[in-house]
Structures are given as structure tokens and as C-alpha cells.
There are 2 protein chains.
Amino acid sequence: MANAKKMNYVLLGLLSHEPLTGYEIKKRLNTSLRFFWGGSYGSIYPTLNELEKSGQVIKENTISNGREKIIYSITEKGTSCLREWLKNPAEKDELRYETLLKLFFGNENGFEETRKHIERFEEKTKSELQILRLFADNLFNCLDEDTHKYYYLTVTFGIKTYESYLLWCQEAKELIERWESK
Amino acid sequence: MANAKKMNYVLLGLLSHEPLTGYEIKKRLNTSLRFFWGGSYGSIYPTLNELEKSGQVIKENTISNGREKIIYSITEKGTSCLREWLKNPAEKDELRYETLLKLFFGNENGFEETRKHIERFEEKTKSELQILRLFADNLFNCLDEDTHKYYYLTVTFGIKTYESYLLWCQEAKELIERWESK
DNA sequence: TGACAAATATATCAATCTGATATATAATGC
DNA sequence: GCATTATATATCAGATTGATATATTTGTCA
């Protein structure tokens, strides 16, 4: 059980909050977790089946409104696996920014195109920052619930980070302007 | 040629600076690029062979000091592929922080262990920030060279970001303390 | 000089993950 | 009544990681 693939723990973590279907798990990955973790159906559904075989989650086949659903719940075994993993230090914090890659190779692209990359990045960051601030405001009004406290911590991380991205965008554009003008 | 896998362009970009062996490419990924992009031998060597077959790089088998080397150089075709890709907007900027995952599921882990995750993250950030500042200082003394200007942009991004991480660590620890004491 | 560790160098593979696609039904909007 | 969007599960080719195998050279300490 020691140190399985990460997706196992993502699913166990989400199911530790509440029972969910694979589809609902994907929605969580696209909203609450999207700023720091991802996951596709191609890993969600097979992993749920593996976790069921090893007794860490249980399936419940249901039909609601004529639609078939498979609702997954975490078991005691699953909870203890999750807790063990949570105690261990994080192994990898990784940034993978294509924007920075395109800046790094900018000598083949020029200042003008590089500025465009920065401006696109700036716009995207601004709109994501709006979303994060909305999340933060909503969470702030129900911090009594424990899960919300931890969620709030990750949202403030995103806000602080994105604010610094915007500051860097300013600096970077100024640097380029200076380099262009001589 | 339109929109091949990312590793193609990483290799072409590095070879646009200078001819390199696969081993030297890996070293670049472990140093200059490590803060925003990665890559393993398992993708480097096969991709170099593919690029050679499609005429974007050329191999040169050499022996220096009795050691066999394969030095790769970019061709005109490779350069134009790289330039085309560089002009297109970046498709994906992705953060994948296991630390944040462990914070998010903190309700199964508690405040004490969560604080430890933050402190470990803080220490790691401090030491990476030192490295980045060293990079920045060295680059600042030779900004006349074009490739260094673009490199410098990415390093300042890293510094701004990591500085904001450290500010967040303070805030996060204060939040936890407040939550613990009531 | 000899012994051992570290660096240089290429290559491959199982396990994993992504992005796309396929399939089907229910709800919503116009 | 028709089209689009949302719900829901499942699979697969292609890409990537992390580990491992192999072999030589260089550096270090005694």
C-alpha cells in the first residue's frame, strides 16, 4: 500500500469529503483543484475500479431519474491509506509553464512576439485571479466548517501567486521596452 | 509539422542555442529550465532520433578522449519549425503541487501536520530562491547577449513567484495558529 | 599505483497519464 | 418539437516519467 500512484490519493481525498461519482470527481478537478492539480477520465475511472478491488472504496450502483450512476464511498481501509500518505512529506511540486518555455527561447522569436506572450499571460492571470477571489469570498463566509479552512489555505496561495505574476508582467514588459529602445 | 509534441520544441529550442548531446540536454533541463520545465532520458533520446529522421536536426558521431558522443545540431527546417511554434500562443501553463494537495485534504491530517507541510515548503522555497538569485546575478553581468536577456526574464519570474510563496507561508501559518487557538 | 566514487554518455521499459473519442440519456432553452 | 448542454461511463493511442542497464573516463584519497 505504501506510496501508490498519486491519483489514488486524489480520489481517496475527494471521497473523504463525500461520496461521489466519477463524473462528479472530474468536476471537482475542474473547479476546486484546478489551480494545482489535474486529472482525466482516462485515469479516474480505471483508478476507481482498482481502489474498489483493493477494498479502499465501495461502489453503489443506483438509478436516479432513470439515469444510471455509480456512487463511490471511501472505506476505513481507504481512509487509513489516505491518512498515512498525508503524513508523508510532499515529493514533488512542479511548475510546467509553456509560456516560460516560449520566453526562454525568445531569441528565435524577438521582443515583439515575446511581449505578446506576456500580455496573453497577463490577461489569463487576471481572469483566473477574479475566479480565485470569488472562491475566497465565498469560503470566508463559512470557515467554521473544517474542510473549508483547508480549501481556503490553497485559495489564498493561488491569489498571492497570481498577484505576483501580474507584478512580474509589468516588470518584464518594462525590461523589454528598455532593451528594445537601444 | 503543425503542433507536434512539446518535447520536440524543447529540444529544438536548446539546439538553437548551440549543438548538444542528449546528456548535455538533460543537464540543461536540470539547471536552466528546471524551474518551469522537465524531461527525462526516456523522452530525450527517442525524440532526438525522430527529429533526425524528419530532418529537423543532424547527428554527428564523434569520439573525444576515447568517449563516444552523438552531437546534435539544428537544421534550417528545424529552425523554421521552432519559429512557427514560438509564434503560436502558449496552450497550457500548469501547476502541479503535491504540497497543496496535502493541504487541501488537511481535514484528515490536522493542523499540526499541515503546519509541517507548510514549513517544509518554506524551506525548499528559500533554498531554491537562493539558487535563482545567484542565476540572476550572474546573468545580469552579461545581459548584452540576447539569449541571456530571455533567460533573465524567466529567472525574474521565478524570483517574484518564490518571494510571494514565502509571504504566503507566513500568512498561512498565522491563519492556522488562529484556528488552533479557538 | 591502485581503488573507489562520481561524472559522462546512450538506451530502453513498465507504469502512468493526457486528450480525444465513443456512447447514451436527461434537462434546458427557444 | 428540435437542438444544445449537462450528466454519466468507458476506452485507447500517444506521450512521459522514473528506474534501470551498460560502459567508459575523470577525480580523489591513501
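In what follows, chains are A, B, ... by sequence order, proteins preceding strands, each numbered from 1.
The residue among Thr21(B) and Glu50(A) whose nearest nucleotide of DNA chain C lies closer to the 5′ end is Thr21(B).
Here salt bridge (Lys or Arg N to Asp or Glu O under 4.0 Å) pairs that include residues 96-106 of chain B, with residues two or more places apart or in two chains, are Lys6(A)-Glu98(B), Glu94(B)-Arg96(B), Glu98(B)-Lys102(B). The stretch residues 154-172 of chain B participates, sequence neighbours left out, in these salt bridge (Lys or Arg N to Asp or Glu O under 4.0 Å) pairs: Lys160(A)-Glu171(B), Glu171(A)-Lys160(B), Arg133(B)-Glu163(B). Legend: side chain to side chain donor-acceptor pair (under 3.5 Å) pairs involving residues 31-41 of chain B, not counting sequence neighbours, sorted by first then second residue: Arg34(B)-Glu128(B).
With rounding to whole Å, Lys5(B) atom NZ is found 17 Å from dA20(C) atom P. Atom-to-atom, OH of Tyr23(A) to C1' of dT23(C) comes out at 14 Å; the value is rounded to the nearest Å. The OH atom of Tyr45(A) sits 17 Å away from the P atom of dC17(C) (whole-angstrom rounding). Between Ile44(A) atom CD1 and dG19(C) atom P there is a gap of 12 Å when expressed in whole angstrom units. One interatomic measurement links the two molecules: CD1 of Ile71(B) to C1' of dT8(C), which rounds to 13 Å at whole-angstrom precision.
Remark: Lys69(B) is in phosphate contact with dA9(C), judged by side-chain N or O atoms under 4.0 Å from OP1 or OP2.
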Under 3.5 Å, which donor-acceptor pairs link side chains of residues 22-29 of chain B to any protein atom two or more places apart or in another chain?
residue	atom	partner	partner atom	Å
Glu24(B)	OE1	Thr21(B)	N	2.8
Glu24(B)	OE1	Thr21(B)	OG1	3.4
Lys26(B)	NZ	Asn30(B)	OD1	3.4
Lys26(B)	NZ	Gly39(B)	O	2.9
Arg28(B)	NH2	Glu18(B)	OE2	2.9

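Rounded to 10 degrees, the angle separating the terminal axes of the helix from dT1(C)-dA30(D) to dC30(C)-dG1(D) is 50°, with each axis obtained from five end pairs.
The aromatic rings of Trp85(B) and Tyr9(B) sit parallel, their planes meeting at an angle under 30°, below the 60° perpendicular limit. Using bins of under 30°, 30° to 60° and over 60° for the plane-to-plane angle, the ring pair Phe35(B)/Tyr162(B) lands in the perpendicular bin. Ring pair Phe140(A)/Tyr152(A) is tilted by interplanar angle, where 30° to 60° counts as tilted.
Of the possible donor and acceptor atoms, none in the side chain of His148(A) sits under 3.5 Å from a partner among the backbone N and O of Leu139(A).
Considering only residues two or more places apart in sequence or on other chains, Arg83(B) meets the side-chain contact (heavy atoms from CB on, under 4.5 Å) condition with Glu108(A), Thr79(B). The salt bridge (Lys or Arg N to Asp or Glu O under 4.0 Å) search around Glu145(A) returns none, not counting sequence neighbours. Partners of Tyr150(B) under the ring-ring contact (aromatic ring centres under 6.0 Å, His included) rule, at least two apart in sequence or in another chain, are Phe111(A). Legend: residues meeting ring-ring contact (aromatic ring centres under 6.0 Å, His included) with Tyr151(B), ordered by chain and number and at least two apart, are Phe104(A).
You can see that DNA chain D meets the heavy atoms of chain A within a 4.0 Å-exclusive cut from dA6(D) to dG18(D), reading 5' to 3'.
Checking each of Glu122(B), Glu123(B), His117(B) against Arg120(B) for a side chain to side chain donor-acceptor pair (under 3.5 Å) leaves exactly one that passes, namely His117(B).
Contacts between residues 92-103 of chain B and DNA chain C, defined by a heavy-atom separation below 4.0 Å, involve Lys92(B), Arg96(B), listed by number. The stretch residues 25-43 of chain B comes close to DNA chain D through Gly39(B), Ser40(B), Gly42(B), Ser43(B), each having a heavy atom under 4.0 Å from the strand.
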